[in-house]
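Okay, so here's the structure we're looking at.
Order of the sequence lines fixes the chain letters, A, B, ..., with proteins taken first and strands second; residue numbering starts at 1 for each chain. When reading the values below, keep in mind they use all heavy atoms of this one structure, side chains included, and skip hydrogens, waters and symmetry mates.
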Amino acid sequence: MSAKNTSITQTPILQVENLQTGFKIDGDFHNAVEGVSFEVKRKQIVGVVGESGCGKSVMSLSIMQLLPTGIGKIRGGEVKFEGKNISSLSDKKMNNIRGKDISMIFQEPMTSLNPVFTIGYQIEEVILNHEKISKKEARLRSVSLLKSVGIPRADKIVDEYPHQLSGGMRQRVMIAMAIACQPKLLIADEPTTALDVTVQAQILDLLKGIQEANDMAIILITHDLGVVAEICDEVLVMYAGKIVEKATVDELFNNPKHPYTDLLMKAIPRMDEDVEVLATIDGLVPSVMNMPEVGCRFANRCPSAMPECLTVTPKLGEVASHHETACLLYDESWPEGTKPYREGASMA
Amino acid sequence: MLKYTIKRLLGTIPMLILISIVVFSLAKLMPGDSLSGEIDPLNTNPEYIEEMREKLGYNEPLPVQYFNWITGFVQGDFGKSTKYKTDVFDIIMEKVPNTLLLGVISLIITYILAFAMGMYSGRRPYTIGDNAIAGINYIMLAIPSFVAAVVAIYFFSFHLNWFPFGGSVDILIEKGSFEYYISKLHHVLLPALVLGAMGTASYTQFLRNDIIDNSRKDFVRTARAKGTPIRKIYNVHILRNSIIPLVTFLGFDFAALIGGAIITETIFTYPGIGMLFLDSVTSRDYPTLMALTMLLSFLTLAGNLIADLLYGVVDPRIRLD
Ligand SMILES: Nc1ncnc2c1ncn2[C@@H]1O[C@H](COP(=O)(O)OP(=O)(O)O)[C@@H](O)[C@H]1O
Ligand code: SF4
Ligand SMILES: [Mg+2]
């Protein structure tokens, strides 16, 4: 497990405050991200975990303002980059940040690149978007970038098209593109999910190496806690659009609190076993159309659910140093003045 | 690519032979022949008719007739027009440049209109502008070409006097001079506009839908994440992808244009292949008709080949070999 002695006094590179992002479905907005707050410090790797459909991608697209135009919308809260609110910037102003200060890589390496432009063109584009250099210089840069992400024959590959490369290679190209302007923050949305296990490990190593060399912060989105244990400093556990647990990696793995986190831990694929026994969690993440208005959103699937879980909405509260959770099993998660007194009963 | 082209060209030969048999059979199946289209059977000596039939080889067995026709055909001997009494080859060659000019100009007009409207609509789907464009397109699609042609002549030639009423060039101008070409352009513009506008609707709507499709693709999100301005994303990233399917259209249009030109050319009395075609039908000028049908079939095959070759050029994922 990696070092997490990042100093507390650092100014965060990114602060997300009470973010609410919704989608317009049949004329009404439904929130896919509901009041998410967290921060990313310089050079830190923050993992975001949760099952498919928990709002991880929507959250990261909100930061970049890349939500599908007309359908997706940030409806509340703020995103601050280096202390400056960027959630209300115009598209034009955001373009100065995208690819330069914050860049992003996606889950689908097979479709993320434009099929009709060369690899070189696509890497050079991001450089030329942000820097005043000649095409020739940009070409040299893209070759050395390709080399730096471990692509052999880089001087040939620049002239090739995406379909000529494997998935792992394309994801390397995406990484080369993302780090071309040395961003301060990289958002990696399930960068290894679509890849073979061996390639997954290589890509994670590569990201870790780049992060150290470039002093870059990373938000690493994954549904695999094993990946988090591998390279992250801090973790956010998301469920149904909310953060349900937030802790340093060591703290989370040694002392998981939220029942959902607990179940996710049991679902970590074990590579040392012959058969991948994946304990899946029964039931489904509620869709944005039918989120429970009150109560805990995990209640219908939670093995420890209590009657109050349906009527009282838990809040994130500190359970240990650098460790917060939103579950009524823990005192601090009760909204003020709502905790019932139960004689002789210990809630935890 | 060269190998592929040669392979494809060789592949068209059996196709052309088959077509030639069909064309020949159809010509023979039609009531009457060139002779009966040319002379008045009631007022001519039957012995003379018989003599002419013998002379023209119409009494030979059909396979022999076919063989005679096709061997002449491949050597550029398309026979003699029964109407004009001259070589069909010469008649066609005289009209080809006019139709080619009409076809190219109308295609350019189609492309300019379709790209302007399709790109506008594709970028702003379901807006007022998009709906207005769709409306205009459907009207253009619904109006029959002869109506459009007549209205255009009435309005632009008769009323505004901007364009000539017909023909392909002013007769008094010396051939090959600068004025000659200007006059040709002046004559072709109105029919080309009518012909070009007719083809615009399908191109526009196709381009619009393809742009909308592509704008939802992952590579667009990647381009946005790089800080690429939205205008460039549409005009470069998306358009470059949306051009690919349009190329197939181009191949079909090649031959379809000449088909479509039949009505337009006739109404504008524009002396091209289309007008000649209709003319040879009404006068039962079978040698001309057969040669023109063969030419159209050949153009269709050539158009498809060109489309496939262009496909290989515009889509790097397709390798032709
Ligand atoms: N374009 C969209 N329109 C409507 N709903 C969407 C859209 N994109 C995502 N959602 C909804 O938002 C929720 C969160 O999705 P997402 O962020 O993609 O989940 P994750 O990345 O955690 O798998 C899901 O319920 C999904 O159905
Ligand atoms: S609040 Fe209740 S339902 Fe929600 S996780 Fe805790 S125990 Fe389970
Ligand atoms: Mg996702």
- Query: Pick from Q122(A), K100(A), K92(A): which one has the most heavy-atom pairs with chain B under 4.5 Å?
  - Reply: Q122(A)
- Between L113(A) and chain B, which part of the residue has a heavy atom less than 4.5 Å away: side chain, backbone, both or neither? backbone
- Task: Of all the heavy-atom pairs spanning E265(B) and G274(B), show the shortest one and how long it is.
- Result: OE1-N, 2.7 Å
- Task: Could you tell me which portion of N129(A) (side chain, backbone, both or neither) has an atom closer than 4.5 angstrom to a non-hydrogen atom of chain B?
- Result: side chain
- Message: Taking side chain as everything from C-beta outward and backbone as N, CA, C, O, which of these in M94(A) sits under 4.5 Å from a heavy atom of chain B? Side chain, backbone, both or neither.
- Response: neither
- Note on the structure: Listed by number, the residues in residues 97-107 of chain B that come under 4.5 Å of chain A (heavy atom to heavy atom) are none
- Honestly, the part of Q164(A) sitting under 4.5 Å from a heavy atom of chain B is neither
- Could you have a look at L66(A), T118(A), I187(A) and say which one has the most heavy-atom pairs with chain B under 4.5 angstrom? L66(A)
- Item | Partner chain B: residue of Q65(A), M64(A), R98(A) with the largest heavy-atom pair count (under 4.5 Å) | R98(A)
- Message: Heavy atom to heavy atom, less than 4.5 Å: which residues from residues 197-217 of chain B reach chain A?
- Response: none
- Message: Looking only at the side chains, is there a donor atom on one of S112(A) and D218(B) sitting less than 3.5 Å from an acceptor on the other?
- Response: no
- Query: Side chain, backbone, both or neither: which part of V220(B) has a non-hydrogen atom closer than 4.5 Å to chain A?
  - Reply: neither
- Query: Any Lys/Arg nitrogen of E82(A) or K184(A) sitting under 4.0 Å from an Asp/Glu carboxylate oxygen of the other?
  - Reply: yes
- Query: After noting the C-alpha distance and the side-chain angles of V116(A) and F219(B), does the key distance pass the side chain to side chain contact (heavy atoms under 4.5 Å, CB included) rule?
  - Reply: CA-CA 10 Å; V116(A) 298; F219(B) 67 74; over 6 Å; no
- Message: Looking at every heavy atom in both S142(A) and I123(A), which two are closest together, and how far apart are they?
- Response: CB-CG2, 3.6 Å
- Nearest 0.5 Å please: distance from the SG atom of C181(A) over to the CZ atom of R141(A). 6.0 Å
- Item | L10(B), CG: over 12 other non-hydrogen atoms inside 6.0 angstrom | yes
- Search all heavy atoms of S148(A) against all heavy atoms of I179(A) and return the closest pair with its distance. OG-CD1, 4.4 Å
- Query: Quick one: does S90(A)'s side chain have a donor or acceptor within less than 3.5 Å of a partner on K93(A)'s backbone?
  - Reply: yes
- Item | Geometric cation-pi criterion, R124(B) with Y126(B): 6.0 Å, 45° | no
- Under 4.5 Å from a heavy atom of chain B, the part of L67(A) involved: backbone
- Assess whether side chain to side chain contact (heavy atoms under 4.5 Å, CB included) is satisfied between E131(A) and E137(A), documenting all intermediate values. CA-CA 11 Å; E131(A) 293 174 29; E137(A) 285 171 282; over 6 Å; no
- Task: Taking the six-membered ring for Trp and the full ring for Phe, Tyr or His, determine whether the centres of H237(B) and F117(A) are under 6.0 Å apart.
- Result: yes
- So, for I17(B) and S20(B), which heavy atoms are closest and what is the spacing to 0.1 Å? O-OG, 2.6 Å
- Query: Side chain, backbone, both or neither: which part of L61(A) has a heavy atom under 4.5 Å from chain B?
  - Reply: side chain
- Regarding S145(B) and T264(B), is there a side-chain donor-to-acceptor distance under 3.5 Å anywhere? no
